[in-house]
Amino acid sequence: MLLSNNDFVFDFARAFKKWLLILLVFFCFNSIGAQQSTQELKEDIRTMEHHQNFSAKDTVYIKRLIELAFNLRYRNWDSVLLLSKKTLKLSKSAGFDSGEGSSYATLGLYYSGKGDSKNAFKNFNKAITVFKRIKNYRMQVVVSNMLAMEHLYNHQPSKALLLFMDSLEISKEEKMNEVLLMTLENLGLLYVGYLKDYDHGIYFLNESKKAMTKMKDFLDYNMVLSNLAHCYFQKGDVDKAMLYLEPSTAYFKKEGYVDWLLLNNMIKAGILIKKKKFEEALIWLDEIEKLHKDVEDDKSLVEFYHYKFEVYINLKNLTAAERYAHKSYELAKKMHFVSGIEVGLKDLYAIHKAKSDFDTALEYHEQFITLTDTLLRSINESNFNVLLAKVEYDEQKRKIIQENEIARAKQNRYIIIAVMVLCIIFCIVFLIWKNTKTQEKFNTQLRQEKEKLEKNELFLKEANRTKDKLFSIIGHDLRSPIGAFKGLLTLFKDKEIDEDEFISFIPKLEADLGGISFMLNNLLSWGRSQMNGDTTTPEVVEAKNLVTENINLLSEVARNKAIAMVNEVPSDACIWADGNQIDIVFRNLMSNALKFTDDHGVITIGGEEMEAVWRFYVRDTGIGMDTEAQEKIFIKNSTHTTYGTHNEKGTGLGLNLCKEMVQKNKGTIWVESALQIGSCFYFEIPKAMQVFKNVG
């Protein structure tokens, strides 16, 4: 004697309720990410609470608490209640509407799990009201399904049907495929549990299974397999039930879903009892008893006690059978579980009849008949109400469709007129747009031409400035030494000085000509850079050789001032740069140092290897510079210049040219100086090896 078909309604509904619980937590926490384990959640919450900026009104903190409440279902209902009340209070205080609705939902789940349908209805309705207010249609439909399931527990299928129908419409309108699938499955439950239409129920479940396969959602897929096993078991096709039961059981066991594993094991035990394999069924029931230690599900426990009774009465162990019959009956009475009470009375009648205690058996039989008649009338009334609700819903839908068609016909007339007006407006707008685009194109061309002219004007102005500056320097700085040279030649030609006197001027002439040559090189290099005609061609350059060549070039000037020039550049100082440009940099910095160093001074040229560059320096023991002078020397187009210690005159272009040459070779240049102590000019250039590594 297995559970009655009436009791199957509650067994199957419990399976669907667990599936709904999974969906509820998914929709509650899809903004947070993947669902965490209970231990991870506790650690996460503890960490947040000990953070120095912790606030109990933090919405992420509230979400974690709600998720923890969900995770503790069927394990610790008291904690579920405490956490749900806490999150409800915090959500209201923080103005967190979504958290408030979810808290009401978890409270509804708590009361539903404890068999308190009155408070379950109350909290589910509050949750729906909140989600309606904030237009969270997804959660509204999920909780509506929970409310509908609670109505099924209480033999109110007509109310459940209306909720399912409304949920179906909202899911379609809002294109919410997940909740649409859930609602369709619950409609299948209605067909199976109340109308005994197994074919429609199996159809809905198979459609769900196909969808889950495409979505690759393994948990939902295996839950649907479990529900199909329930359906085929109740239909009496135990072989088909086992086909779906075995893979889902293996999955739940592997992933640790204890509540679903318990449900599958109950089906397995029921199948074995139906096949009269009582010893094997007893082994499965022992496994179920172990699982019940981790799961708080009293309705499942009633069914478990009944299965124990079935096994022991068939094994002729009447003492054990009577013990479990009483356990099942008393627990069902305590929970007001009507179908469980019905099965318990039937079991007690059977055991006392087997013991030949006919008086007691008769008492239980009479109670059973009375309760069965009451339930039968209730079920018949419920079935009638289901059909009536469906008819009313269809009629209401038909009227709405008819009214919509009339309104649509009226709207079509307005739409035709509106389309004609829009076409006229579109033509006008198109003409205006076309004219605007033509005007914009013309304006763009004018703007481009203007920008081109402005660039050319700036280029010409810059070229003129460069030309004027070159002529100015040539006129002032080159005319004097050339004029002196010309005057000396004239004196020699006119025999006003003899050959010996002329020869005595040759060192001075040589120095002047070297200065003129140096000045001309700087002027030409600077002029090319200003006119964008000087290109940079990098190659491997040995810096020490450049310094040696420039020391030789400037040796006469150094000898005249008795200045020592020391080359401390390492022999392996190879850089990736334009050799001619770096040569100009070294020559200008060394010439500048000679210019501002007193007689008998020292100029040191060195190099330091850095991570990616070589850092070179030209250090002198000259007169140094103040802060103001240091700020001016590298300013572009500046002609700032001062006379040297022997009244040497420059163009004012040397340091400016150095900066440009260093920057063209991807380097930097700067100075450190102090008055009467000396100056040290630094510049950095990329290492040759570093460049080769980057190229490789």
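Bear in mind that the values here come from a model prediction, so they are computed numbers and not experimental data.
- Within the model, atoms CD1 of I66 and CD of E100 stand 10.5 Å from one another, a figure rounded to the nearest 0.5 Å.
- A 4.5 Å side-chain heavy-atom check between M48 and V60 finds at least one atom pair inside the cut-off.
- With hydrogens and angles ignored, the 3.5 Å screen pairs a side-chain donor or acceptor of T249 with a backbone N or O of L245.
- Proximity of Y111 to L81: side-chain heavy atoms (C-beta onward) are separated by under 4.5 Å at one or more points.
- In this structure, the side chains of F252 and L262 stay at 4.5 Å or more apart for every pair of heavy atoms.
- The minimum heavy-atom distance linking I273 with F278 is given by the pair O-CE2, 3.9 Å.
- Looking at L68 and E40, their side chains never come closer than 4.5 Å, going by heavy atoms from C-beta outward.
- The shortest heavy-atom contact between I341 and Y329 is CG2-CE1, 3.8 Å.
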Worksheet item: When you look at D347 and S328, which way does the side-chain hydrogen bond (donor to acceptor under 3.5 Å, both in side chains) test go after all the steps?
Response: CA-CA 9 Å; D347 290 347; S328 176; 5.0 Å; no

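- Within the 4.5 Å cutoff, the side chain of I202 has heavy atoms near those of the K235 side chain.
- With respect to K290 and E287, a salt bridge is recorded, a charged nitrogen being found less than 4.0 Å from a carboxylate O.
- In this structure the side chain of K308 reaches within 4.5 angstrom of the side chain of L282, judged on heavy atoms.
- Counting heavy atoms from C-beta outward, V143 and L147 have side chains that stay 4.5 Å or more apart.
- By the 4.0 Å N-to-carboxylate-O rule, D58 lies too far from K63 to be salt-bridged with it.
- Outside the 6.0 Å centre-distance limit, the rings of H230 and Y244 are not counted as a close aromatic pair.
- Enclosure of atom NZ in K122 is not indicated, since only 12 or fewer non-hydrogen atoms of other residues, nucleotides or ligands lie within 6.0 angstrom.
- The minimum heavy-atom distance linking Y307 with M266 is given by the pair CE1-O, 3.2 Å.
- Checked against a 6.0 Å centroid threshold, the rings of Y61 and F54 count as neighbours.
- Between the CG atom of L263 and the OG atom of S226 there is a distance of 5.0 Å, given to the nearest 0.5 Å.
- Taken to the nearest 0.5 Å, the OH atom of Y110 stands 12.0 Å off from the CG atom of L83.
- Heavy-atom minimum distance, S98 versus N136: OG-ND2, 4.4 Å.
- Between D166 and S144, the side chains place no donor N or O within less than 3.5 Å of an acceptor N or O (distance only, hydrogens not considered).
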Worksheet item: For L243 and K240, what are the C-alpha separation, side-chain angles and deciding distance, and is it a side-chain contact (heavy atoms from CB on, under 4.5 Å)?
Response: CA-CA 5 Å; L243 182 67; K240 207 67 174 286; 4.2 Å; yes

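- Going from atom NZ of K274 over to atom CZ of F233 covers 5.0 Å, rounded to the nearest 0.5 Å.
- The CG atom of L272 lies 7.0 Å from the CE atom of M242; values are rounded to the nearest 0.5 Å.
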Practice prompt. For L301 and L331, run side-chain contact (heavy atoms from CB on, under 4.5 Å): C-alpha distance rounded to whole Å, both residues' side-chain angles, the deciding distance at 0.1 Å, then the answer.
Written response: CA-CA 8 Å; L301 200 57; L331 182 57; 3.8 Å; yes

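- Interatomic distance, CG of L162 versus OG of S167, reported as 10.5 Å (0.5 Å rounding).
- Annotation: side chain of H51 is not in contact with side chain of T47 (no heavy-atom distance under 4.5 Å).
- Between G108 and A120, the closest heavy-atom pair is O-CB, 3.7 Å.
- Ring orientation note: the planes of Y324 and Y305 are tilted relative to one another, at an angle of 30° to 60°.
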Item to complete: Kindly indicate, with the supporting measurements, whether the criterion side-chain contact (heavy atoms from CB on, under 4.5 Å) is fulfilled by M146 and E150.
Response: CA-CA 6 Å; M146 293 300 300; E150 199 62 34; over 6 Å; no

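- Residues Y312 and A321 come closest through the heavy atom pair CB-N, 3.7 Å.
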